[in-house]
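Counting starts at 1 for both ligands and their atoms, in listed order.
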Amino acid sequence: MSTAPVTDSVHVSLGARSYDVRIGSGLTARAGLEIAPLLRRKRVAVVTDENVGALHLEALTAALAAEGIAMTALTLPAGEATKGWPEFTRTVEWLLEQKIERKDIVIAFGGGVIGDLVGFAAAVLRRGVRFVQIPTSLLAQVDSSVGGKTGINAAQGKNLIGAFHQPSLVLADIDLLDTLTPRDFLSGYGEVVKYGLLGDAGFFDWLDGHGPALAGGDRVFRQYAVRRAVEMKADIVARDETEEGDRALLNLGHTFCHALEKATDYSDRLLHGEGVAIGCALAFELSQRLGLCPQEDPSRVRAHLRDMGMKVDLADIPGDLPGAEALLGLMAQDKKVVDGQLRFILSRGIGTSFVASDVPGDVVLGVLQDALKQR
Ligand code: GLY
């Protein structure tokens, strides 16, 4: 007797804006069934990118058709360059041409770029229409599809234009992770390990034991890891939807990461999740130097990332990097800087992070100088 795969459901509790994140195998094939209860009329608009479209749009179309849901689709170029005004304008105008109305549903079918751009388009179209996220990358499943941060990049920096607009449903189909390149999968894993490091030492231990099998394709482990990460994110977002406080914990590793991404021109030299992993290792090093966390924690973090075959050190980033002072300067331009003070997520130990806004610049400089010496 074969048993159907179990779908997990995590509720994001935000009053009238509450929704479920469904996590499991075969969710794309069941998308019509999952989405039908949200529809006022049996018609949706789907926005995807060329890579995801080529691999998975046919399956989504068939799943919607099986429930009698008509679908119209727009396929955008793949890549971060899509997340700007030109493709945003194209998307909004296309949705208007498709006569998408206030009560209709738009589907974002792709990774973080598509989810952010389409969510923002949904936020402004006719002053707000509902949307469903079907995230196809690990990074989007555990982070960007949940919590309602939507937006696009500006010439002045990443994610500087946007809105909080919560989806009505998230379908995280873990089967779709099979088509990711190992590098993209591991980059997304940088965000997974972040959750253990910031708030759940037991989850970090679990990842330390099961991470390699999970990366190797074990579906049960993948589903558990996505579910636990989403549970943690849902809990934080329910407490602090618009990042007045605790939501900033999700930025563990990100102050270092954003400076490194800028220093590498947001290029293929460093993917976002890779920068998060390196940034987490540096944040633990900084915490240890400030006497906040146990001596052995930075080595535990680094050893796990190494076991996973991930980038861990600045030496793992190909090409030249600016000096420590220049990197510190890039951090000072981060959009999370408040009143000119460097804000870091620091740690009192694996699983216990907190927001610190008064971190001495000379200690950060020392961490960066030593990290650059190993290159
Ligand atoms: N990616 C961080 C957040 O959603 O707040």
Asks: Can you find a pair of side-chain heavy atoms, one from Val44 and one from Asp104, that are under 4.5 Å apart?
Replies: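 They are not in contact (no side-chain heavy atoms under 4.5 Å apart), so the answer is no.
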Asks: Tell me whether the count of non-hydrogen atoms from other residues, nucleotides or ligands lying under 6.0 Å of CZ in Arg239 goes above 12.
Replies: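 Yes - once you tally the heavy atoms of other residues, nucleotides and ligands closer than 6.0 Å, there are more than 12.
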Asks: Does ligand 1 have an atom that lies less than 4.0 angstrom from a heavy atom of Glu191?
Replies: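 Checking ligand 1 against Glu191, which is what was asked, there is no heavy-atom contact under 4.0 Å.
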Asks: What protein heavy atom sits nearest atom 4 (O) of ligand 1, and how far off is it?
Replies: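 It is Lys233 NZ, 2.6 Å.
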Asks: Taking the side chain as C-beta and beyond, is there a heavy-atom pair between Arg43 and Glu101 under 4.5 Å?
Replies: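 Of all side-chain heavy-atom pairs linking Glu101 with Arg43, none is under 4.5 Å.
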Asks: If you measure every N or O of Asn251 against every N or O of ligand 1, does any of those distances drop under 3.5 Å?
Replies: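 Among all N and O atoms of Asn251, none is under 3.5 Å from an N or O of ligand 1.
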Asks: At what distance is the nearest protein heavy atom to atom 5 (O) of ligand 1, and which residue and atom is it?
Replies: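 Here the closest protein heavy atom is Arg247 NE, 2.7 Å.
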Asks: Can you find a side-chain donor-acceptor pair between Asn251 and Glu243 that sits under 3.5 Å?
Replies: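 Side chains of Asn251 and Glu243: pair found under 3.5 Å.
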